[in-house]
Amino acid sequence: MRYLKYIWNVKVAGALFLKYQRFKSERRRVPARWRTDILAPPLKISARTKELISKHYLEGRYASGVKPVAWVTSGGPVEILQALGFYVLYPENHGALCGTRRVAVELSEEAENYGFSRDICSYARTDIGAMLSGKTPVGRLPKPDLLLACTNICQTVLFWYRVLARHFKIPLILIDTPFVYDDAPEHAIQYVKKQLEESIPVAERVARKSLKYKKLKEVVRLSKEASELWLEIMYRGRAKPAPISVFDQFIHMAPIVEMRGKPETVDFYALMLKEVDDRIKRGIGAVKREKKRLLWDNLPIWYKLRFLAEFLGERGISVVASTYTMAWGELAPLIDPEKPLESMAKTYIYPILNRGTGYKLEKMREMVDEFDLDGAILHSDRSCKPYSIGQVDQRNRLIQEYGIPALLLEADHNDPRAFADEQVKARLESFVEMLET
Amino acid sequence: MIASIGIDVGSTTAKIVGVDLEGKFVWSYIEPADPRVEDQVQKFLNLIEKETGPIEGKPIVATGYGRNLVHQATKKVTEITCHARGVFKQLGHGGTLVDIGGQDSKVIIIGPNGEVVDFTMNDKCAAGTGRFLENTAGRLRVKLQDMGEVALASRDEVTISSTCTVFAESEIISMIAHGVKVEPILKGLHRALVKRIVAMIRSVGLVPPLMLSGGVVKNPAIRKMIEEETGEKVILPDHPQFMGAYGAALIGLKLVRN
């Protein structure tokens with residue numbers, strides 16, 4: 001019965017309805033509140049992004065009892081779970097969605113009232129708040145059967161997922177990725193690979209089926225293809241004017257984070273790349289009168305995307321590239337479908353957040369050259385300590401050693417209570433004036 | 001003869017400056033900021049007109065937190081740019097400018113040609129600003145303008161461990177309850193404020209010479225302690241509190257020339 005309900009609601013009626021919605025919105029005119037005087041019209045792909053993400057959450061709503069459900073961290077090695085047919089939910093993505101829909105504070109407060117400190121990551125608070133209260137803007141989140149946390153993005157996930165494991169009374173797979181200073185030593189890669197191998201029987205038990213190696217290779221191949229396409233899209237920012245801004249990237253990155261290893265994700269980014277190329281051919285810039293080009297460091301400020309895009313766009317500033325969105329593409333070359341576990345171990349040990357602060361500085365400097373940028377905005381994210389640590393020095397060294405103007409902007413990726421409107425405006429405007437003279 | 005007008009609507013005070021064609025500081029006026037910004041600015045403009053002659057057609061450049069509310073303005077520019085412009089014109093060299101305002105402090109690195117090279121501002125906390133002293137002055141029943149002298153006269157100094165405005169107040173109450181005298185407390189308070197400021201200077205890296213502006217520099221203890229903490233001699237422009245408005249007027253002058 002549950003299965004029939006799932007098929008009907010997700011694959012038939014839901015899919016048709018979402019397709020119809022997309023069809024309608026593709027034909028709709030640009031919304032009146034869109035600042036077409038300063039920004040390019042929204043990407044056509046937006047309708048498809050919405051369809052894809054809505055479908056993903058719709059599936060989640062009816063997945064319990066039909067498919068095994070796993071909750072995983074954004075940098076988690078998801079391919080094994082995908083190959084076993086899990087429905088995979090990313091609490092961080094859900095958190096971001098709550099941020100853009102302006103419900104993150106309400107959910108955070110649920111967690112804070114329960115006793116979780118406001119100093120904890122706002123994604124964790126949003127997620128734990130959603131878990132405790134059952135509230136979510138997507139209808140209903142499926143109860144997980146398995147948890148997968150990988151420490152390659154931070155150590156918070158370890159404690160956060162332990163809270164989830166205790167609450168739901170389910171197994172937690174922990175993939176511990178040693179920190180990389182220069183190059184990962186072979187024993188560190190083997191250590192991660194061993195953990196991946198050991199995670200397989202745990203996941204198999206929950207899924208009640210065994211992993212087909214061929215299927216795993218297929219999923220890894222799809223992961224690689226989607227990541228490569230995403231990387232291509234990022235590199236298109238080299239064009240002048242830049243066809244898309246980081247604010248577009250932030251919106252359209254959801255599939256590469258939460259739907260890696262699926263064929264529809266590859267199709268989606270192939271289509272997006274086509275549209276971006278078309279923009280380049282027609283000379284369309286994300287910001288209409290692009291005067292200066294900037295780099296963004298750290299997570300987005302989810303509840304202020306439009307504000308930032310418009311505030312900067314109005315002043316001819318296009319934020320072209322970011323270390324954050326790049327992170328989901330730059331490791332694509334390391335993925336090898338022929339050696340799935342070995343290459344996954346390598347890929348998942350190397351994210352920018354698992355590497356030294358010197359590496360990030362070097363990366364930023366390279367990106368400034370690569371994308372021909374005029375400066376950098378470093379979002380000092382109260383919630384994300386591993387991303388923000390070292391930013392004061394990185395900023396100073398960008399300025400003093402490389403002559404790249406840089407601004408440190410204090411905020412929080414998901415908690416608007418840590419965002420001071422007037423102060424942010426004052427800093428941004430002063431920075432823009434500084435760039436102009 | 002006024003050629004251009006600069007208005008700086010800050011969080012604590014509002015200032016207006018008129019300059020002549022050479023950019024000389026000719027006329028100025030200051031009073032506590034009124035939340036009805038437009039009315040206050042109109043009053044300022046009437047005043048300058050009455051005292052210096054017609055201002056019609058002359059550029060008015062607004063700066064400060066309230067700049068966007070100044071509808072009479074020809075142009076709006078941030079405090080960072082204006083302060084740098086004003087101080088550079090007066091002193092004729094670059095360096096590190098520290099502006100300590102009512103609710104907002106900034107450190108601006110000015111290049112050899114007067115351009116802004118880098119800047120930082122206090123974030124989400126008024127502890128490194130004039131408001132820190134103002135808040136506690138009331139609590140200690142000392143007049144704001146006397147605070148610096150009193151602090152400097154004290155030989156002893158207590159450590160105010162917290163640099164949060166609100167917590168500092170409760171710390172002070174507890175000290176008074178324990179019989180600590182007002183003077184060493186005041187000295188400790190100034191030290192706490194200066195340490196905040198010096199940390200900001202260090203975060204961008206001090207490029208000598210060190211220059212000061214803003215209302216708080218009228219306080220001699222602040223100046224002396226900044227010198228003590230940084231080991232640099234502090235240079236003051238002629239009208240430290242008006243540097244934002246002065247810089248704004250200078251930017252207006254450029255509009256006239258163009």
Side-chain angles (χ1 to χ4, degrees), chain A residues 118-119 292 301 304 307 310-312 314-315 317 374-383 388-412 415-437, chain B residues 8-11 61-69 75-85 88 94 97 99 101 103-126 128-129 199-207 244 247-248 250-251 254:
Chain A
R118 238 174 105 161
D119 289 327
K292 299 278 175 189
I301 303 172
K304 286 287 172 186
F307 160 78
E310 289 178 354
F311 191 88
L312 293 166
E314 219 169 5
R315 291 157 177 82
I317 306 286
D374 300 290
I377 296 176
L378 286 77
H379 165 210
S380 172
D381 184 349
R382 184 171 165 74
S383 266
S388 308
I389 195 164
Q391 274 182 322
V392 170
D393 290 318
Q394 284 161 351
R395 191 199 80 96
N396 289 353
R397 290 181 63 179
L398 282 176
I399 298 169
Q400 285 153 16
E401 291 175 24
Y402 305 114
I404 300 163
L407 174 76
L408 197 69
L409 199 66
E410 288 202 25
D412 187 286
D415 192 340
R417 292 169 298 179
F419 186 93
D421 217 52
E422 277 309 313
Q423 297 191 355
V424 166
K425 280 186 197 161
R427 278 151 191 75
L428 282 177
E429 206 158 357
S430 305
F431 188 60
V432 172
E433 282 176 6
M434 190 178 109
L435 291 174
E436 281 169 351
T437 49
Chain B
D8 179 359
V9 185
S11 57
V61 175
T63 186
Y65 266 105
R67 68 179 176 280
N68 289 320
L69 298 169
K75 194 177 170 154
K76 292 153 190 168
V77 184
T78 67
E79 307 91 284
I80 299 284
T81 307
C82 289
H83 273 90
R85 195 64 60 87
F88 183 76
L97 171 67
D99 178 81
Q103 259 180 50
D104 160 311
S105 297
K106 38 201 165 285
V107 177
I108 309 168
I109 308 292
I110 304 173
N113 301 315
E115 75 281 14
V116 176
V117 177
D118 191 10
F119 67 89
T120 187
M121 293 161 113
N122 63 307
D123 250 299
K124 287 187 216 74
C125 174
T129 71
M200 263 168 69
I201 300 175
R202 299 245 182 270
S203 82
V204 287
L206 198 158
V207 178
L250 293 174
I251 289 167
K254 225 173 156 190

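Just so it is clear: chains get the letters A, B, ... in the order the sequence lines come, proteins before strands, and each one is counted from 1.
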For the atom pair [atom1] ([X]) and [atom2] ([Y]), what is the distance rounded to the nearest 0.5 Å?
X        : Y        : atom1 : atom2 : answer
A:Glu422 : B:Asn68  : CD    : CG    : 7.5 Å
B:Met121 : A:Gln423 : CE    : CD    : 8.0 Å
A:Arg427 : B:Thr78  : CZ    : OG1   : 11.5 Å
B:Thr81  : A:Phe431 : OG1   : CZ    : 12.0 Å

Top residue by heavy-atom pair count (under 4.5 Å) with chain A, among B:Asp104, B:Val116, B:Asn113? B:Val116
Report yes if the side chains of B:Tyr65 and A:Lys425 come closer than 4.5 Å at any heavy-atom pair, otherwise no.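 They are not in contact (no side-chain heavy atoms under 4.5 Å apart), so the answer is no.
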Is the shortest side-chain N to carboxylate O distance from A:Glu433 to B:Lys76 below 4.0 Å? no
Above 12 or not: heavy atoms from other molecules or residues under 6.0 Å from CZ of A:Arg315?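 Counting other residues, nucleotides and ligands, CZ of A:Arg315 exceeds 12 neighbours.
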Where do B:Asp118 and A:Arg395 land on the side-chain contact (heavy atoms from CB on, under 4.5 Å) test, with the steps shown first? CA-CA 10 Å; B:Asp118 191 10; A:Arg395 191 199 80 96; 2.7 Å; yes
How close do B:Val204 and A:Gln400 get, heavy atom to heavy atom, and via which atoms? O-NE2, 3.2 Å
Do you know the tightest heavy-atom contact between A:Asn396 and B:Ser203? ND2-O, 2.6 Å
Can you tell me which portion of A:Leu407 sits under 4.5 Å from chain B's heavy atoms? Options are side chain, backbone, both or neither.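 Side chain only.
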